[in-house]
Amino acid sequence: MSLSSRERDYRARGFDRCHFYMPKLIIDGLEVEVPEGTNVLEAAKKLGIVIPHFCYHSAMGAVGACRLCAMKFVEGPVKGVQVSCMIKAQDGMVVETADPDAMRARRMVIEWLMTNHPHDCPVCDEGGMCLLQDYTIAGGHGIRRYKGKKRTYISQYLGEFIEQEMNRCIQCYRCHRFYRDYAGGDDFGTKRIANQTFFGRFKDGWLTSEFAGNLADVCPTGVFTDRTYHFKARPWELETAPSICPHCSLGCNLVPGAKLRELMVIKARENLKVNGWFICDRGRFGYGFASRHDRPRKFVVNGQERSRNEAVETAARIIADTAAKYGPGSVALVGSPRTSQENNFALKKLAALLNTGNICFFADPSRERKERRAASHINSGNRRSLMDVASSDFIIAVGTDPVNEAPMLALMMRQAALKGARIAVIDPRPVKLPFDFTHIPARPEEFAEKLTGILNEAAGDFKNPLIICGTDIPGIDAIDACSEAAGRLNCGLFYTLSAANSFGAALLAGEGPDFEGILSGMEGGAIRALIALESDPLGRYFGEERASRALKKLDSLIVMDYLPTETVDATNVLFPTTAYAEMDGIFINNEGRAQGFSRAYIPGIPVNHMGPKLKPPELHPPREFSSEVPGQSFPAWEYLGDIAREMGLDCCEMETLSAIRASLSHDPRFAAIAGLYPESEGALITAGPVDRLQAYGPFPAGEKPDAGEGLKPVDRLLLYAVDLTFGTEEISAYSDKTGLRAPEPYVMINTEDAVALGLEDGEPVNVSSGDISVACVLKTSASCAGGAAFAPRLTGSDAAALSGKTVKITGARG
Amino acid sequence: MLSDDRIKELREYVSSLEHPEEALVDLMHEAQSAYGYLSDEAAEAVADIAGVPVIKVEELATFYNLIFRRPVGRKVIFVCDSISCWVMGMENMFDYLKKKLGIDIGQTTADGAFTLLPICCLGACHVAPAMMVGEKLYGNLTPERIDEILEKERI
Amino acid sequence: MFQPLLTKNFHLGRPASLKEYEASGGYAGLRAALKMAPDEVIKAVIDSGLRGRGGAGFPTGKKWSLTDRKSPGPRYFLVNADEMEPGTFKDRFLMVRDPHQVIEGLLISGYATDAGKGYIFIRYEYCEAARALNVAIEEAKGAGFIGKDILGSGFSMEISVHRSAGRYECGEETALMNALEGRRANPRSKPPYPASKGFWMRPTTINNAETVANIPHIIKMGGNTWKSLAAYDGGAGTKLYGISGRVKNPGLFELPTGTPLKEIIETHGGGMQEGYSFKACLPGGASTPLITPNNLDVPMDFDAVSKVGSRMGTGCVTVFDDTCCIVRAMINNLLFFTRESCGWCTPCRDGLPFVHDILRRIEAGVAEMDELSVLEENCETIYPNSFCAFAPGAVDPVRSMLRLFRPEVEEHIKLKRCPINGTPSPPTPSPGGRGGL
Ligand SMILES: Cc1cc2nc3c(=O)[nH]c(=O)nc-3n(C[C@H](O)[C@H](O)[C@H](O)COP(=O)(O)O)c2cc1C
Ligand code: SF4
Ligand code: FES
């Protein structure tokens with residue numbers, strides 16, 4: 001191909017074409033310059049000229065199937081009416097979008113697509129949020145000229161997440177291209193031919209991809225819709241706001257939608273630095289926790305419903321009395337990695353005002369150590385965003401199971417794999433990923449060594465190498481080793497953390513004890529009152545026995561939460577708080593990116609839960625009207641401020657959200673937060689020297705199993721509690737729909753270990769250590785590392801309490 | 001049904017290929033003749049032998065017109081319905097066959113002997129109208145000839 | 001006297017054996033070619049002026065010279081023997097009567113384009129042809145023509161026959177590659193072109209079976225001599241012409257390229273059967289525009305037929321007699337395309353059923369006059385806007401009908417019935433409705 005004079009000029013001047021060459025073209029008389037490789041459709045978009053298109057999608061590229069984006073190419077290397085998505089912008093092109101032939105082509109394409117459409121818009125869940133509707137209007141097709149029969153289909157049952165209505169299909173192939181090509185699913189595809197072409201599964205049944213929910217977003221019409229939201233609302237009735245997903249540490253951008261106080265739909269929101277265009281099914285369908293019937297909605301004091309003021313007064317009195325009687329250190333506070341940075345910061349302020357050092361932000365002490373360590377390692381040199389993962393050419397993942405721990409990470413790793421990246425995963429679990437990779441089964445204590453081995457061989461040969469490291473099963477040594485290697489080899493570094501605001505919580509944590517220390521304080525009687533902020537320290541990590549024993553010793557427990565946790569059940573004073581979609585706030589994701597989220601709706605008891613004396617509760621509409629929001633809850637920071645004020649403390653820095661943020665941004669590490677606004681790409685936060693000192697301080701080791709003399713190795717398997725895509729993450733575990741995909745409790749061990757134990761796959765077993773015993777089913781896998789056991793930390797199971805302990809597995813068949 | 005031995009042979013053959021997907025169409029043909037049509041079970045067997053997800057087999061099976069995802073008779077009668085045969089009176093042949101067999105296009109005779117299907121040009125236009133019964137091609141069709149052919153082909 | 005080349009063994013009435021083929025001069029072309037440099041072989045093919053016999057008439061030598069022979073292999077040569085164009089039956093004859101000729105052609109083609117692996121992609125219905133090819137391949141292997149280090153030349157090539165499972169779109173070259181790779185036979189976008197990234201994203205050359213069968217003769221005779229066999233100045237070599245419909249002597253004939261259409265129909269086809277007169281013909285398969293009596297003098301070659309508003313296509317002529325309703329003929333033709341559309345792009349997938357429906361309404365006498373303009377608008381918009389050449393081929397005959405037979409079409413609408421058959425036809429299976437097998 002011949003070079004244009006401008007391009008030749010660039011090259012003569014020694015510029016690297018990829019970076020500097022910007023083809024310039026004229027569209028509808030307007031000149032536009034775009035990066036090389038941009039298609040003409042995008043170039044026009046840059047000018048604000050949006051030409052209808054169905055099959056083209058920024059994430060999935062152009063395939064030229066729908067033929068809708070026709071434009072007339074008047075001058076330049078390509079001539080005539082062409083579909084603009086398939087043509088790369090080149091110098092000298094003159095393009096007309098309003099050419100009569102191009103317009104006719106576009107109008108006819110719409111007319112053809114509409115020949116078989118069922119015209120069932122009034123009962124369609126797209127409710128007008130429909131590209132086909134928009135473009136039918138835009139294309140000027142209004143009168144039906146096709147008089148033949150419409151083709152009809154029988155749709156498939158695809159599970160409880162996604163509803164299919166094939167008669168609305170316009171065969172843009174986006175669903176296939178997303179599901180199979182982009183997301184690597186293998187149970188959905190294109191069937192039949194000609195105008196019978198069908199998109200679906202081999203047989204009816206649940207879609208198995210963890211990203212299936214995106215079909216509802218990529219489908220430009222109403223073929224694939226969110227089944228969990230079916231017939232609940234029309235889009236214009238929804239209250240929405242830009243928001244951030246609370247269900248893992250990646251911070252994907254999304255838009256929650258609520259109607260009449262019921263959170264009922266989640267859609268992905270574009271952020272080209274984080275999640276791109278998509279989200280995972282945990283993020284999309286895990287919203288049910290917000291509208292649970294048993295969600296805390298009332299202020300409760302010792303079992304009695306009270307007013308907000310009464311609750312504040314009681315809490316203030318309890319704290320003041322306890323501090324007066326036993327000293328300020330007798331009051332402990334525990335924040336949480338799942339609550340907003342402002343809430344945690346307000347808690348920290350209150351602790352400072354109370355003059356108690358007993359504050360921590362993680363209920364799981366082991367996770368706290370590791371996440372603080374990980375957060376402290378991220379710096380401007382090694383930081384990589386989630387989108388950067390997709391452009392890495394060499395990835396080594398250490399001790400992480402992406403689909404289960406941070407699903408969207410797996411999707412981005414797949415994009416890297418599709419571009420040819422070499423990927424290895426060092427992990428003892430039988431990790432499954434939607435692409436080809438090398439699995440190196442290794443026990444956590446071998447991570448550092450294996451990592452070094454691989455890196456010594458390979459990493460130097462790559463342009464964008466990346467080390468990914470989990471913080472669940474790897475020990476501190478592996479976390480440090482990853483950081484050290486990244487520094488030495490100039491690799492990117494990407495940790496996955498436990499929750500949406502883990503990074504933020506890690507940076508707030510100071511020199512206080514971890515929750516193990518606080519628990520000991522409770523047990524020993526030194527700590528008499530505990531304030532738990534959206535944290536469930538007693539529910540998960542210490543086993544029921546110990547937790548309730550410690551609790552009994554406590555004089556008072558003050559809990560602020562929106563989830564009906566086990567801790568809530570035991571509370572003296574309960575403050576109902578707000579979920580992420582019901583408040584403004586900031587989460588800081590795993591790479592240290594602070595992102596703001598906004599309130600979508602005012603929280604309260606959903607209208608469809610009401611209706612006095614009318615059972616069942618779904619009855620609607622309500623028969624009582626009031627200007628009060630029934631069961632209204634407020635962000636925790638308000639309550640914390642109230643308590644401080646009630647106690648006569650100086651609470652001016654906790655008074656309003658902006659005061660909290662202002663105060664937070666006085667800390668140089670959080671200075672960037674001052675300029676943060678919702679819908680931006682976020683502000684980057686880096687740990688300061690304080691954290692580094694802190695994080696590198698002496699932590700209790702205690703992670704190696706003791707050898708145990710005289711025992712067979714299989715009698716002392718080291719158990720790791722692990723995450724699953726569905727059913728273990730703290731918030732979504734309270735959601736009914738994602739619950740459908742959570743498995744029954746199980747423990748997984750290596751096949752040979754099972755043989756040595758005389759146990760079989762599928763057999764009921766007891767897993768025990770000390771006084772904790774968990775009943776579950778045994779799973780075996782040959783690609784599971786020997787000597788270890790893995791149990792999902794399903795809510796309601798005590799598996800999390802066994803984590804890090806050596807366990808005995810015995811058959812329970814009797 | 002494919003015999004275990006045959007499955008083993010096919011697996012070996014597939015694993016000898018650089019691109020196992022190239023064998024999919026052959027495998028479908030073979031499974032189809034073993035099972036009578038490409039039943040769900042047959043499709044799953046093909047997927048298993050080729051080491052691909054069954055949806056890939058389904059995508060192909062439903063694309064091609066010579067892979068049957070529904071039961072067919074012991075022999076399929078493919079009547080050419082393309083242009084040269086149309087000129088030479090293929091519509092009458094269809095009518096005759098329908099009457100004679102007592103079935104409509106796409107149906108199978110009660111005794112399971114024949115399924116009647118249209119097919120595009122068989123490359124026998126010089127002897128139009130033409131049809132194929134099973135794997136055998138017949139041209140210059142007339143009602144009398146059709147009678148003879150059916151007699152001969154019925155098993 | 002004209003000496004047949006491609007058809008010289010056809011008189012046997014069965015596949016020529018290796019012995020018979022060699023006795024008629026077979027594999028001499030391969031021996032000669034292996035002594036030439038690949039570039040010399042390509043040069044000979046360029047000199048010959050051979051144009052692809054698959055329908056589009058792309059110069060074969062030029063195609064070969066575009067093949068990327070520099071980047072690392074493997075490289076592939078594919079023979080397109082899908083032959084599903086209605087009205088066409090030339091490749092089947094080549095394969096069932098003289099399979100070695102296709103194999104020899106493929107070997108030489110592979111040598112010229114440095115391809116180590118050749119595939120013959122054949123439609124499933126051609127059972128006999130596939131059998132003949134497989135027998136011939138075994139024979140040729142035994143004689144050392146296929147395999148490693150062929151005839152001591154250092155050139156190696158493997159050949160296999162792929163039996164497809166139906167669908168016209170498989171014949172489109174990029175769709176064919178997808179089909180061979182075990183994917184759905186949707187066409188691919190170009191670029192990248194097969195010459196650099198084709199089958200399994202490797203350099204690939206693809207030619208029609210007849211194109212390939214010509215190669216041994218070109219090598220044996222020399223490109224220029226072969227070229228001079230044509231019947232007129234613009235042409236090159238010989239061509240297989242088929243004729244079907246109500247003529248006295250339907251069949252396949254090898255004739256000098258550019259033999260006038262009239263001569264093919266009247267001399268070789270024997271003229272119309274008693275009681276029938278010539279109405280129109282499709283000169284080269286179901287996707288070529290109609291030719292009416294006033295243009296019968298046209299020499300049957302690519303450029304000449306294009307000049308009279310049609311295309312030579314495959315060179316197999318389908319003749320319509322005066323008892324054929326032209327609308328009904330087009331309904332039949334369009335139903336074929338509607339059914340076979342691969343379903344990838346909108347104009348073809350959803351536009352063709354629209355066209356089919358209007359044609360049916362016209363024939364059934366229920367259409368209004370203004371639907372003609374809708375029909376026209378559909379055809380004119382489908383034609384330039386589809387993804388591959390399938391859809392233009394589908395609507396081209398209908399466009400030619402609207403040009404050449406407008407009065408007959410309008411008469412249907414005015415009379416509210418078919419002026420030729422009177423009663424409306426029984427309904428053809430409609431593309432609408434629920435999906436079938
Ligand atoms: C829809 C469609 C179907 C085709 N079918 C065939 C076919 O059956 N056989 C064939 O040789 N070429 C067929 N072609 C042409 C091929 O795409 C390609 O041009 C040809 O195989 C090239 O070979 P040639 O240069 O030797 O003609 C078809 C093209 C289209 C668009
Ligand atoms: S024109 Fe479009 S739908 Fe038709 S065969 Fe080609 S790609 Fe497929
Ligand atoms: S049209 Fe029937 S065999 Fe060709």
Side-chain angles (χ1 to χ4, degrees), chain B residues 18-29 32 37 50 52 56-57 59-70 72 78 80-91 94-95 104-106 115 117-128 130 132 134-137 139-140, chain C residues 74 83-93 123-129 162-168 170 179-185 200 242-246 249-252 282 285-286 316 318-321 324 328-329 332-333 335-336 339-340 342-343 425-426 428-429 435-437:
Chain B
E18 191 189 345
H19 302 287
E21 298 92 334
E22 278 182 31
L24 278 172
V25 176
D26 290 342
L27 290 173
M28 288 196 300
H29 280 309
Q32 167 156 302
Y37 71 106
V52 301
K56 283 205 179 174
V57 176
E59 285 185 322
L60 296 182
T62 56
F63 183 91
Y64 291 118
N65 54 321
L66 293 176
I67 301 294
F68 307 119
R69 286 287 279 117
R70 293 188 205 162
V72 287
F78 297 104
C80 169
D81 69 347
S82 290
I83 194 71
S84 297
C85 287
W86 175 82
V87 174
M88 301 304 284
M90 102 15 209
E91 284 170 357
F94 257 122
D95 289 345
D104 208 341
I105 297 177
T115 299
L117 288 176
I119 193 139
C120 50
C121 180
L122 288 166
C125 322
H126 59 311
V127 291
M132 206 167 92
E135 298 217 326
K136 188 122 180 49
L137 183 63
N140 292 324
Chain C
E83 192 163 69
M84 284 179 75
E85 177 84 16
T88 304
F89 48 99
K90 60 190 185 67
D91 298 342
R92 185 170 69 85
F93 268 98
R123 60 184 295 201
Y124 192 74
E125 294 91 327
Y126 283 4
C127 315
E128 228 187 311
H162 174 87
R163 295 186 70 187
S164 183
R167 295 307 177 197
Y168 175 63
C170 292
L180 261 186
E181 288 180 13
R183 300 169 202 270
R184 289 165 64 85
W200 294 118
I243 179 154
S244 63
R246 285 213 194 271
N249 180 27
L252 188 71
L282 298 166
C316 290
T318 303
V319 175
F320 297 116
D321 59 73
C324 294
R328 185 90 180 262
N332 173 279
N333 209 29
L335 181 65
F336 161 81
R339 213 168 54 192
E340 297 296 315
C342 82
S425 63
T428 343
L437 222 46

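Keep in mind that what you see is a predicted model, and the values were worked out from it rather than measured. Each chain gets a letter, A, B and so on, in the order its sequence line appears, and its residues count up from 1.
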### Message
Is B:Met90 close to chain C through its backbone or its side chain, or both, or neither, when contacts mean heavy atoms under 4.5 Å?
### Response
side chain
### Heavy-atom closest pair, residues B:Phe63 and C:Cys342
CE1-O, 4.1 Å
### Task
Determine the option with the most heavy-atom pairs under 4.5 angstrom with chain B, choosing from C:Arg123, C:Met84, C:Lys90.
C:Arg123
### Task
Answer with side chain, backbone, both or neither: which region of C:Cys316 has an atom nearer than 4.5 Å to a non-hydrogen atom of chain B?
neither
### Message
Please find the pair of heavy atoms, one from B:Ser84 and one from C:Thr318, that lie closest to each other, and give the distance.
### Response
OG-OG1, 3.1 Å
## Note on the structure
In this structure, CD of C:Glu83 is separated from CG of B:Leu122 (nearest 0.5 Å) by 11.0 Å
### Query
Can you tell which of B:His19, B:Glu18, B:Glu59 has the highest number of heavy-atom pairs within less than 4.5 Å of chain C?
B:His19
### Summary
To the nearest 0.5 Å, atom SG of C:Cys324 lies from atom CE of B:Met88 at 9.5 Å
#### Entry: Interatomic spacing from NE2 in B:His126 to CD1 in C:Ile243 - rounded to 0.5 Å
13.0 Å
### Query
In terms of heavy-atom proximity below 4.5 Å to chain C, should B:Leu66 be classed as side chain, backbone, both, or neither?
both
### Query
Is chain C contacted by the side chain of B:Leu137, its backbone, both, or neither, given a heavy-atom distance below 4.5 Å?
side chain
### Task
Supply the atom-to-atom distance B:Cys121 SG to C:Tyr168 OH, rounded to the nearest 0.5 angstrom.
10.5 Å
### Task
Measure distances from C:Arg92 to the heavy atoms of chain B and classify the residue's part below 4.5 Å as side chain, backbone, both or neither.
side chain
### Query
Looking at CZ of C:Phe320 and CD1 of B:Ile83, how far apart are the two atoms once the value is rounded to the nearest 0.5 Å?
4.0 Å
### Query
Passes side-chain hydrogen bond (donor to acceptor under 3.5 Å, both in side chains), B:Glu21 versus C:Trp200? Steps please.
CA-CA 11 Å; B:Glu21 298 92 334; C:Trp200 294 118; over 6 Å; no
### Query
Looking at B:Tyr64 and C:Arg183, what are the two nearest heavy atoms and their distance?
OH-O, 4.3 Å
### Task
Of all the heavy-atom pairs spanning B:Ser82 and C:Phe336, show the shortest one and how long it is.
OG-CD1, 4.1 Å
### Query
When you look at CD of C:Glu181, are more than 12 heavy atoms from neighbouring residues, nucleotides or ligands closer to it than 6.0 Å?
yes
### Task
Might you point out which heavy atoms bring C:Arg339 and B:Asp81 nearest each other, and give the distance in Å?
NH1-OD2, 2.7 Å
### Query
Once you round to the nearest 0.5 Å, how far does CG of B:Leu60 lie from CZ of C:Arg167?
12.5 Å
### Closest approach of C:Ala165 to B:Val25 (non-hydrogen atoms, all atoms of both residues)
CB-CG1, 4.1 Å
